[in-house]
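Basis for what follows: all heavy atoms, side chains included, without hydrogens, waters or symmetry-related copies. One-based numbering, in listed order, for ligands and for the atoms of each.
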Amino acid sequence: MENPIKNKNILLGVTGSIAAYKAVELASQLTKAGSNVDVILTPAAEKLVSPLTFRSVTGKKVFTDADLWDTTSHIAHINLALPADIMLIAPATASTIAKLAHGQADNLLTLTALAIRCPLVVAPAMDTGMYSNAFTQENLEILEKHDITILGPDEGHLASGLSGKGRMLEARVLLGSLRFLLSRENPLAGKKVIVTAGGTQEPLDPVRVLTNHSSGKQGYALAQAALDAGADVTLISAPTSMTPPEGVKTISIQTAEEMHTAMLKEIKQTDAVIMAAAVADFRPTSKKAEKIKKEGKLSEIELEATIDILKELGEWKRSHKPDLVLIGFAAESEKLVENARKKLEQKNLNLIVANDISRNDAGFAVDTNAVTLLFKDGKRQDLPLQDKEAVAQKIIDILIQFMQS
Ligand code: CTP
């Protein structure tokens, strides 16, 4: 499945808040992601950012109130409204929110918002006092009652110099939210998928851990690809520097044991599990309460085995839920196919993604991956070196086939 915002018609309404400058970044990011972005500015927005600024990033004509009264453009608001897949008003001022809540249409943007047949999304931006004002709150409630999605606002520094709730969400977050909203009817709609990611950390003392080089990149890419395919995704993540995709439910854990506990809580309502995490096989027998000191001359660390989460899931699948789809990863430095196939069988998996960790352009902590896919029925597919997002999309395409068969 490709990015759900690609080739979509997105109407971006911009109103008169200073956060209008962030909408330029959003229009730019959406255009780069392949969306077809039509921007409508209110007269107040035009005072803050020029139509030319938006035109420069979208490469398209930008619409203003001049188009309402222009004799050459025929019913601009209807022509903009009908082809739209989604309309986002970002930033949305208290005034525009009030107009939307009461069906007022006194400029091209609010007229178009009344005329659309697609979902409407609103990202408020205003001073904290205006946001918490009872009228604004009631207006927002009205919008929600009519299935209009409200995104934000965030807390933080405001243009007034004050700090509080009222900041428009960042462009990256708004783009991620549109991506999520536009994916909800894709083939995995209604399916629950768990993805695990990152390398677990097993504490030795309050400052030291045993861990591995997993960056979490492949797991996070899989979570995004599963969301793009329409699934409800739970990401059980060990510590990483990655930002979870918008729309995912993230459970942050540190150790293999915590990952196991989180998994048990979620598994019953789940249709598929993708174990991309590098789970520690061993952990220190006991975690020291105080920092181990140099003078102690530590010469040995006593280790014990952790639970094999995927193996346990494979057994549970056999006895309780035969249609649960299990996808595992195999990190191998030798005999890639032979060792991975053993794991596929021992853990009762539908598919195993075998990673040759002896290569330095694939596997741990790099942006690319070259994997061999081994299926339960004996089939094998070698994927060429490509970025982890592309690998994730291929794996999710296979998951869609499993779910449909
Ligand atoms: N796995 C797991 N629980 C563990 C260890 C691994 O669920 N305690 C999962 C991993 O997430 C992966 C698969 O099992 O999807 C295989 O992991 P890998 O580390 O390649 O193999 P191991 O089974 O740990 O065997 P070995 O380390 O001996 O190769």
*Asks:* Quick one: does A276 get an N or O within less than 3.5 Å of an N or O on ligand 1?
*Replies:*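 Not met; the criterion fails.
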*Asks:* Counting only heavy atoms, which portion of L310 has something under 4.0 Å from ligand 1: side chain, backbone, both, or neither?
*Replies:*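 Both of them.
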*Asks:* Please state which protein non-hydrogen atom is closest to atom 16 (C) of ligand 1 and give its distance, to 0.1 Å?
*Replies:*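 Residue, atom and distance for the closest contact: F329 O, 2.9 Å.
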*Asks:* At under 4.0 Å between heavy atoms, is it the side chain or the backbone of A280 that contacts ligand 1, or both, or neither?
*Replies:*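 Answer for A280: backbone.
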*Asks:* Hey, is ligand 1 close enough to V279 that some N/O pair sits below 3.5 Å?
*Replies:*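 N/O-N/O distance under 3.5 Å: no.
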*Asks:* Tell me whether T196 contacts the main-chain N or O of A277 through its side chain, where contact means a donor paired with an acceptor under 3.5 Å.
*Replies:*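 Indeed, once roles are kept as given, a pair shorter than 3.5 Å links the two residues.
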*Asks:* Side chain, backbone, both or neither: which part of D308 has a heavy atom under 4.0 Å from ligand 1?
*Replies:*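 The answer is both.
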*Asks:* Quick one: are D85 and N9 in side-chain contact, heavy atoms under 4.5 Å?
*Replies:*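 Counting from C-beta outward, D85 and N9 do come under 4.5 Å.
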*Asks:* Are E266 and K249 ion-paired here, with the side-chain N under 4.0 Å from a carboxylate O?
*Replies:*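 Salt bridge: yes.
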*Asks:* Should the pair K191-D232 be classified as a salt bridge under the 4.0 Å nitrogen-to-oxygen rule?
*Replies:*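 Judged by the 4.0 Å cut-off on N to carboxylate O distance, K191 and D232 do not form a salt bridge.
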*Asks:* Suppose I only count heavy atoms of A277 and a 4.0 Å limit; which atoms of ligand 1 are within that range?
*Replies:*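 Listed by number with element, the hits are 10 (C), 11 (O).
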*Asks:* Side chain or backbone, does K347 bring an N or O within less than 3.5 Å of an N or O on ligand 1?
*Replies:*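 K347 vs ligand 1: N/O contact under 3.5 Å present.
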*Asks:* Return yes when at least one protein heavy atom is under 4.0 Å from atom 11 (O) of ligand 1, and no when none is.
*Replies:*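 It does; a protein heavy atom is within 4.0 Å.
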*Asks:* Can you list the ligand 1 atoms lying under 4.0 Å from a non-hydrogen atom of T306?
*Replies:*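 Listed by number with element: 8 (N).
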*Asks:* Do the side chains of R179 and D228 get close enough for a salt bridge, i.e. N-O under 4.0 angstrom?
*Replies:*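 Result for this pair is yes, salt bridge flagged.
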*Asks:* Using side-chain contact (heavy atoms from CB on, under 4.5 Å), reason through V273 and M263 one step at a time and then give a plain yes or no.
*Replies:* CA-CA 9 Å; V273 178; M263 181 64 79; 3.8 Å; yes
*Asks:* State plainly whether the residues K376 and E345 are in salt-bridge range, i.e. N to O under 4.0 Å.
*Replies:*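 Not counted as a salt bridge, because no side-chain N and carboxylate O are separated by less than 4.0 Å.
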*Asks:* Looking only at protein heavy atoms, which one is nearest to atom 3 (N) of ligand 1, and what is the separation?
*Replies:*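 In this structure, atom 3 (N) of ligand 1 has I309 N, 3.1 Å as its nearest protein heavy atom.
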*Asks:* So, are R167 and E170 salt-bridged, with charged N and O less than 4.0 Å apart?
*Replies:*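 Judged by the 4.0 Å cut-off on N to carboxylate O distance, R167 and E170 do form a salt bridge.
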*Asks:* Answer with side chain, backbone, both or neither: which part of I307 has a heavy atom less than 4.0 angstrom from an atom of ligand 1?
*Replies:*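 Answer for I307: backbone.
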*Asks:* Judging by distance only, is a nitrogen or oxygen of A330 under 3.5 angstrom from one on ligand 1?
*Replies:*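 No, A330 has no N/O under 3.5 Å of an N/O on ligand 1.
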*Asks:* Should T42 and V14 count as side-chain neighbours, where that means a heavy-atom distance under 4.5 Å?
*Replies:*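 The answer is no, as the side chains (C-beta and beyond) never meet within the 4.5 Å cut-off.
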*Asks:* With a 4.0 Å cut-off, would you call R208 and D205 a salt bridge?
*Replies:*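 Here R208 pairs with D205 in a salt bridge, since their nearest N and O are under 4.0 Å apart.
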*Asks:* Which of the numbered atoms in ligand 1 are below 4.0 angstrom from a heavy atom of G328?
*Replies:*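 The list of qualifying atoms is 15 (O).
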*Asks:* Please test L222 against F329 for side-chain contact (heavy atoms from CB on, under 4.5 Å), starting from the C-alpha separation and ending with a verdict.
*Replies:* CA-CA 12 Å; L222 279 157; F329 274 69; 3.7 Å; yes
*Asks:* Which residue and non-hydrogen atom of the protein lie closest to atom 27 (O) of ligand 1, and at what distance in Å?
*Replies:*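 Ranking protein heavy atoms by distance from atom 27 (O) of ligand 1, first comes D281 OD2, 2.9 Å.
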*Asks:* Salt-bridge test for D308 and K347: reply yes if a basic N is under 4.0 Å from a carboxylate O, no otherwise.
*Replies:*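 Counted as a salt bridge, because a side-chain N and a carboxylate O are separated by less than 4.0 Å.
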*Asks:* I'd like to know whether ligand 1 has I327 as a neighbour, heavy-atom separation below 4.0 Å.
*Replies:*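 No.
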*Asks:* For atom 20 (O) of ligand 1, which candidate among Q346, M263, K343 holds the nearest heavy atom?
*Replies:*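 Result: the heavy atom closest to atom 20 (O) of ligand 1 is in K343.
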*Asks:* Out of curiosity, is A256 lining ligand 1, as in a heavy atom under 4.0 Å away?
*Replies:*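 No, A256 has no heavy atom closer than 4.0 Å to ligand 1.
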*Asks:* Can you confirm, on distance only, whether ligand 1 has an N/O atom lying under 3.5 Å from any N/O atom belonging to M275?
*Replies:*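 By distance alone, the answer is yes.
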